[in-house]
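Here the structure is laid out as structure tokens; the discussion comes afterwards.
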Amino acid sequence: MELSPYNQTAIFYNALKLKNAKILEEDETGIMIQIHDSQTALVLQSNLETAKIWLDKHPPCSFDLISLYGDALCDLFYRIYVMQRNRGHNEEKEPDELDRLEPRDQLDPVNKRDHGTNQIDLMSQKITRLFGKSKLFVWPENQKAEFGDFSLTFKTAGLSDFSWIRSHYDLVSDDELKEDLEDGRLFIGYWNGQPIGFAGMHPEGSMGLLEILPKYRKQGFGKQMEEYLIRQLVEHHLAACCEVFCDNFISIALQKKLGLKEASENCYWIELESES
């Protein structure tokens, strides 16, 4: 599949260019990758017959986190596991209300901060713990990353900053945060010599981890932090892209204000966790 930093394939482009992922499957209509040193898979495939073959070959229950690009692919994923959940039931049984709904509507989009309670059995080993629906935003082709002068200064965060960052941000595990710091993917912004927040890149190369300390919010610092990330990525010939939960209207507005364009398909993140 031809990958580009300017469309739906931007995150796949970054992950492979950064050598942070391996290709599990690929053809002219799609690609499936796994992020190195993790049990995270990303799937983009417009041919649903091929997608089913891939999901049979690499069962989602073998991952901790899987990202599906596109409503149709999400529907396929759900139908596969609804069938597995109901396997052994009487085929003539009247379908329950859950089975009448469109699959992607059966779980509400959940912000990871809230860890929703919706769960679906996936075989006997795994259950879904989170169903997040997000929008992908990408930096347009041929658009220069030129911004005004920054009032902030920036430094690359290191392991010595772990405790301070952890005290303000809990959306990744300790191990993930340490890996981000070791790999130089996090940056701290300073105003008048004081740290006001931080932002960085996820292992697959998308922008994120943005946090501005409460006393410094609504002063344009979040915009400056992301502008700095965009410049870093564009200068290194990478895709300046990010995924934003569909109910995070403030962040969506920020992406549009910065000039990023919304990609054509939604992304569905499904976190899988062993049953206890």
Side-chain angles (χ1 to χ4, degrees), residues 5-6 10-11 13-15 17-18 111-113 134-172 176-263 267:
Y6 307 113
I11 289 179
Y13 175 94
N14 276 4
K17 187 164 184 177
L18 291 167
N111 188 303
K112 194 166 185 177
R113 293 180 187 271
S134 61
K135 296 177 180 292
L136 174 65
F137 290 88
V138 297
W139 188 252
E141 188 173 7
N142 299 323
Q143 182 167 317
K144 294 182 179 180
E146 295 179 344
F147 307 106
D149 293 335
F150 294 133
S151 62
L152 297 178
T153 57
F154 305 91
K155 82 157 191 176
T156 303
L159 284 173
S160 61
D161 300 301
F162 173 84
S163 296
W164 179 76
I165 293 173
R166 169 54 78 215
S167 69
H168 297 289
Y169 194 84
D170 62 358
L171 298 187
V172 295
E176 289 171 321
L177 180 55
K178 288 177 181 178
E179 181 182 336
D180 290 335
L181 293 168
E182 288 172 346
D183 291 346
R185 293 196 295 261
L186 269 174
F187 304 91
I188 298 175
Y190 290 83
W191 185 64
N192 289 340
Q194 296 298 314
I196 58 86
F198 49 86
M201 280 85 77
H202 295 290
E204 71 276 9
S206 63
M207 299 183 292
L209 305 160
L210 175 61
E211 187 74 18
I212 304 298
L213 275 57
K215 66 183 292 186
Y216 296 108
R217 291 174 186 169
K218 297 184 179 179
Q219 299 179 51
F221 292 144
K223 180 173 179 286
Q224 286 191 49
M225 292 293 303
E226 191 164 340
E227 287 173 343
Y228 180 77
L229 292 181
I230 291 171
R231 181 180 291 178
Q232 292 289 311
L233 287 162
V234 171
E235 287 180 353
H236 288 84
H237 307 288
L238 291 165
C241 60
C242 64
E243 291 182 357
V244 181
F245 282 114
C246 292
D247 60 353
N248 190 344
F249 304 113
I250 293 176
S251 184
I252 288 172
L254 174 60
Q255 309 318 312
K256 293 179 178 179
K257 184 176 182 179
L258 286 165
L260 282 82
K261 303 301 182 184
E262 185 177 339
C267 172

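Hydrogens, waters and symmetry mates are skipped; everything else that's a heavy atom, side chains included, is used. Position 1 is the first residue of the sequence; numbering continues from there.
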Should we say atom [atom1] of [X] is surrounded by more than 12 heavy atoms from elsewhere, each under 6.0 Å from it?
X	atom1	result
Lys17	NZ	yes
His168	NE2	yes
Lys256	NZ	no

Inset, instruction - Decide yes or no for Leu186 and Leu177: does some side-chain heavy atom of the first lie under 4.5 Å from some side-chain heavy atom of the second? - result: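 Yes - at least one pair of side-chain heavy atoms lies under 4.5 Å apart.
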Legend entry - Minimum side-chain heavy-atom gap Tyr6-Lys261 below 4.5 Å: no
Over all atoms of both residues, closest heavy-atom pair of [X] and [Y]:
X	Y	answer
Glu243	Ser134	OE1-OG, 3.7 Å
Ala240	Ile230	CB-CG2, 4.0 Å
Ala239	Leu233	O-CD1, 3.7 Å
Ala10	Pro5	CB-O, 3.7 Å
Met225	Phe154	SD-CE2, 3.6 Å

What's the separation between atom [atom1] in [X] and atom [atom2] in [Y], rounded to the nearest 0.5 Å?
X	Y	atom1	atom2	answer
Phe245	Ile252	CZ	CD1	11.0 Å
Leu18	Tyr13	CG	OH	9.5 Å
Leu229	Cys242	CG	SG	9.5 Å
Lys144	Trp139	NZ	CH2	12.5 Å
Cys267	Ile11	SG	CD1	6.5 Å

Could you list the donor-acceptor pairs under 3.5 angstrom formed between side-chain atoms of residues 216-223 and any protein atom two or more places apart in sequence or on another chain?
| residue | atom | partner | partner atom | Å |
| --- | --- | --- | --- | --- |
| Arg217 | NE | Ile212 | O | 2.6 |
| Arg217 | NH2 | Glu211 | OE2 | 3.0 |
| Arg217 | NH2 | Ile212 | O | 3.1 |
| Gln219 | NE2 | Lys215 | O | 3.2 |
| Lys223 | NZ | Glu227 | OE2 | 2.5 |

Legend entry - Expected output: side-chain Asp161 to main-chain Gly158 donor-acceptor under 3.5 Å: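 It does hold such a pair.
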Inset, instruction - Determine yes or no for a side-chain-to-main-chain donor-acceptor pair under 3.5 angstrom, with Arg231 supplying the side chain and Val234 the backbone. - result: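 It does not hold such a pair.
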Only counting residues at least two apart or in another chain, list the ones meeting side chain to side chain contact (heavy atoms under 4.5 Å, CB included) with [X].
X	answer
Glu182	Leu159
Ile250	Asn248
Ala263	Gln8, Leu136

Inset, instruction - Could you please spell out the steps behind the side chain to side chain contact (heavy atoms under 4.5 Å, CB included) verdict for Ile165 and Leu181? - result: CA-CA 10 Å; Ile165 293 173; Leu181 293 168; 3.9 Å; yes
Inset, instruction - With sequence neighbours left out, write down each residue that passes salt bridge (Lys or Arg N to Asp or Glu O under 4.0 Å) with Glu262, or none if nothing qualifies. - result: Lys135
Using atom types as modelled, flag every donor-acceptor pair under 3.5 Å from a side chain in residues 187-208 to any protein atom, sequence neighbours excluded.
| residue | atom | partner | partner atom | Å |
| --- | --- | --- | --- | --- |
| Glu204 | OE2 | Ser206 | OG | 3.1 |

